[in-house]
Amino acid sequence: APRGYEPVYMGKWHIPGRDYKKSFKVLTSGFRYGEHGDDAIARTAQSFFRNYRGDKPFFLSLGFLQPHDICYWPMLNPENLPELPYRRVAEQLPPLPPNHATDAIEPEIIKRLSMSQFRGKWSELHWRYYRWAYYRSVEMVDAQVGRILDALEDSGRDRDTAVIFSSDHGDGMGAHGLIGKSFFHEEAVRVPLVIACPGLLPEGVRDTRHLVSGLDFAPTVCGFAGIEQPPKARGMDLKPLALRQNVDWRDFIVSESEVAGRMVRTPDYKYIAYRGDPAIQLYDLRSDPGELHNLATDSAHAGTVTTLARCLAKWEKTLEPAVDRLSSSQ
């Protein structure tokens with residue numbers, strides 16, 4: 001049986017209603033959800049690696065804030081910029097994304113969300129400046145990740161520590177004229193996932209075939225720890241994939257947003273539906289990776305729409321509705 005792990009947490013915690021101090025030894029304390037500057041988080045992690053003398057293996061969870069705070073940039077720069085505030089960055093501005101145009105057949109709920117309010121309002125210069133600011137936020141957290149990996153290596157524990165890096169969501173970055181999250185275009189819903197463990201996992205391997213989900217994180221951590229995954233876990237252990245083993249895998253995944261929308265993703269297609277909205281979205285990601293051509297009303301793809309709608313219904317039948325605590329206590 002595996003030894004017990006020392007669970008340690010530091011950084012951002014955006015899960016209201018869950019007291020993480022009951023599950024972790026928290027090395028940073030702060031206001032509300034434990035938000036801190038990423039520099040402080042990285043330096044705390046450095047200190048942890050230098051000073052950890054426990055006889056247990058550790059599970060260290062780090063919650064970085066950036067590039068989350070790009071959400072404040074539109075609040076500070078809502079009006080179209082007549083010119084750059086820092087002219088020296090003009091040559092550094094990234095171009096508009098090739099899929100900046102909006103979808104002609106789009107659910108009404110997307111048009112009403114705050115992330116679409118700058119369509120037709122911001123100039124090309126403003127959009128490019130926004131993208132530049134986002135990349136700078138990514139650059140900030142990238143530096144802190146490098147600092148932590150260096151500290152892990154200096155501690156001598158890098159050869160027997162699995163490192164998993166990911167994110168909870170992306171950002172529209174101007175694709176389809178959108179910023180932020182809450183929709184299912186690739187820019188927002190497809191996030192990085194890197195797993196490294198020198199001496200155990202092959203290096204420099206990129207898997208583009210298997211569909212994975214944030215639901216897979218907990219089973220994967222359990223797989224590396226050699227323990228059973230939580231009961232009723234909906235995810236799958238990614239360790240066999242990281243080891244390049246042949247395993248039976250899922251045919252589709254489902255994502256959900258807080259605005260009553262769900263997405264079904266297969267290796268080739270993406271199907272999107274919002275409750276109470278007749279506008280369905282269907283994209284062939286092989287021929288249209290920028291999701292510029294909605295095929296949902298194309299009769300040639302009616303069979304695909306039906307098949308993916310059935311996949312969604314099949315998935316929803318496996319779900320157990322959350323119990324309202326207030327209602328159940330009365």
Side-chain angles (χ1 to χ4, degrees), residues 14 65-81 84 93-139 141 166-193 213-214 253-265 269-285 287-297 308 312:
H14 278 195
L65 190 59
Q66 298 301 342
H68 173 277
D69 280 358
I70 190 64
C71 64
Y72 296 113
W73 195 95
M75 300 178 192
L76 298 173
N77 303 277
E79 301 302 324
N80 195 34
L81 291 175
L84 287 172
L93 299 183
L96 287 178
N99 59 348
H100 181 63
T102 58
D103 193 339
I105 306 174
E106 187 178 62
E108 285 296 322
I109 194 168
I110 296 299
K111 300 175 183 178
R112 296 196 303 267
L113 291 175
S114 61
M115 73 274 298
S116 67
Q117 64 178 300
F118 302 108
R119 288 174 171 176
K121 182 177 180 180
W122 284 357
S123 66
E124 177 179 336
L125 177 67
H126 201 117
W127 280 109
R128 293 176 62 198
Y129 188 42
Y130 174 86
R131 287 167 60 81
W132 178 87
Y134 185 89
Y135 285 129
R136 298 291 73 75
S137 294
V138 173
E139 194 174 55
V141 74
S166 190
S167 178
D168 53 351
H169 61 82
D171 186 276
M173 293 187 68
H176 309 279
L178 297 169
I179 61 173
K181 55 180 182 178
S182 300
F183 52 92
F184 295 107
H185 289 301
E186 290 289 273
E187 291 77 13
V189 78
R190 187 173 184 176
V191 298
L193 173 60
S213 164
I253 56 174
V254 175
S255 293
E256 182 178 5
S257 77
E258 73 273 22
V259 292
R262 283 189 175 151
M263 175 200 79
V264 178
R265 176 73 151 80
Y269 288 95
K270 179 186 291 184
Y271 167 91
I272 304 169
Y274 291 88
R275 190 173 298 117
D277 197 314
I280 302 298
Q281 294 170 290
L282 177 71
Y283 299 103
D284 183 340
L285 298 175
S287 61
D288 182 25
E291 301 170 293
L292 289 169
H293 307 289
N294 187 355
L295 304 174
T297 59
L308 297 183
L312 178 57

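Any value given below was found using the heavy atoms of this structure, including those in side chains, with hydrogens, waters and symmetry copies removed. For the single chain, residues carry numbers from 1 onward in sequence order.
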**R136 atom CZ, neighbour heavy-atom count above 12 within 6.0 Å** = yes
**Asked** Would you call the rings of Y274 and F184 parallel, tilted or perpendicular, where under 30° means parallel and over 60° means perpendicular?
**Response** tilted
**Request:** For the residue pair H126 and W122, categorise the inter-ring angle as parallel (less than 30°), tilted (30 to 60°) or perpendicular (more than 60°).
**Result:** parallel
**Prompt:** Atom CG in L285, atom OH in Y269: separation rounded to 0.5 Å?
**Reply:** 9.5 Å
**Prompt:** Just how far is it from atom CG of L113 to atom CD1 of I179, taken to the nearest 0.5 Å?
**Reply:** 11.0 Å
Using every non-hydrogen atom in the two residues, find where [X] and [Y] come nearest and quote the distance to one decimal.
{"X": "R128", "Y": "L93", "result": "NH2-O, 3.0 Å"}
{"X": "G174", "Y": "W127", "result": "CA-CZ3, 3.5 Å"}
{"X": "S166", "Y": "V191", "result": "OG-CG2, 3.9 Å"}
{"X": "D277", "Y": "I109", "result": "OD2-N, 3.7 Å"}
{"X": "F183", "Y": "G172", "result": "CZ-CA, 3.7 Å"}

**Message:** Going by salt bridge (charged side-chain N to carboxylate O under 4.0 Å, His left out), name the residues that satisfy it together with K270, two or more places apart in sequence or in a different chain.
**Reply:** E186, E291
**Message:** Suppose we screen for salt bridge (charged side-chain N to carboxylate O under 4.0 Å, His left out). Which residues come up paired with E124, at least two apart in sequence or across chains?
**Reply:** none
**Asked** Could you walk me through whether Y135 and W132 pass the ring pair (Phe, Tyr, Trp, His ring centres under 6.0 Å) check?
**Response** CA-CA 5 Å; Y135 285 129; W132 178 87; 9.7 Å; no
**Request:** Report yes or no: does R265 contribute a side-chain atom to a donor-acceptor pair with the main-chain N or O of I253 at less than 3.5 Å?
**Result:** no
